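Just so you know, residue 1 is the first one in the sequence shown, and it goes up from there. Nothing here was measured: the structure is a model prediction, and the numbers come from that model.
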Amino acid sequence: QVQLVESGGGLVQAGGSLRLSCAASGRTFSTYAMGWFRQAPGKERDIVAALAWSGRNTYYGDSVKGRFTISRDNAKNTLYLQMNSLGPEDTAVYYCAAGRYGSSLYTPRLPSQYEYWGQGAQVTVSS
């Protein structure tokens, strides 16, 4: 079992940056594909970025390509999301998630493909 705790959210002005962290419990973090999702009020939970368990493949949603970077530090059992050039449209609750897959390059993109979830971190971007 994996427990996930997000941190690093907050209020930032448009054009600014934030880095989210997701601390994972357990000794098997390195064997999980990881993802970041976000959900704005009244909207569905959408994929932001995904990272294969090997770290050798990534996926980014169209709206964040070129602005956000997903990464992991297996020694620290931590997943990161570096967010640059933030805009009001990025305002949402951000969730990290973990799912176990055999393929070293698989990047799950649907919420149903993830088994474990964090509690979420609010990111608010003011215009």
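Rounding to the nearest 0.5 Å places CD1 of Ile47 at 8.5 Å from CD of Gln113. From Tyr80, atom OH reaches atom SG of Cys22 across 10.5 Å, with rounding to the nearest 0.5 Å. One finds the CG atom of Asp46 at 11.0 Å from the CG atom of Asp62 (value rounded to the nearest 0.5 Å). Between Gln13 atom CD and Ser127 atom OG the span is 9.5 Å, to the nearest 0.5 Å. To the nearest 0.5 Å, atom OH of residue Tyr95 and atom CZ of residue Arg38 are 13.5 Å apart.
For Thr124 and Gln122, the side-chain atoms include at least one donor-acceptor pair closer than 3.5 Å. No side-chain donor from either of Ser17 and Arg67 sits under 3.5 Å from a side-chain acceptor of the other. Donor-acceptor pairing under 3.5 Å is lacking for the side chains of Arg72 and Thr78.
In this pair, Phe37 and Trp117 present their aromatic rings tilted. The plane angle is within the 30 to 60° band.
The shortest heavy-atom contact between Gly61 and Tyr59 is N-CE2, 3.9 Å. Of all non-hydrogen atoms in Tyr114 and Ala50, the two that sit nearest each other are OH-CB, 3.6 Å. Nearest heavy atoms, Ser85 versus Asp90: O-OD2, 4.3 Å. Residues Tyr101 and Pro108 approach most closely at CE1-CG, 3.5 Å, considering heavy atoms. The two residues Ala92 and Ala40 make their nearest non-hydrogen contact at CB-N, 3.9 Å.
At a threshold of 4.5 Å between non-hydrogen side-chain atoms, the residues Glu6 and Gln119 count as touching.
Members clustered with Val12: Val2, Leu4, Leu18, Leu20, Phe29, Tyr32, Met34, Trp36, Val48, Leu51, Tyr60, Val64, Phe68, Ile70, Leu79, Leu81, Met83, Leu86, Tyr94, Tyr116, Val123, Val125, by chain and number, using a 4.5 Å side-chain heavy-atom cutoff among hydrophobic residues.
Side-chain atoms of Asn57 never come within 3.5 Å of backbone atoms of Thr107 as a donor-acceptor pair (strictly under, hydrogens ignored).
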Tell me, with the steps shown, if Arg56 and Ser104 meet side chain to side chain contact (heavy atoms under 4.5 Å, CB included).
-> CA-CA 8 Å; Arg56 288 159 47 199; Ser104 63; 3.7 Å; yes

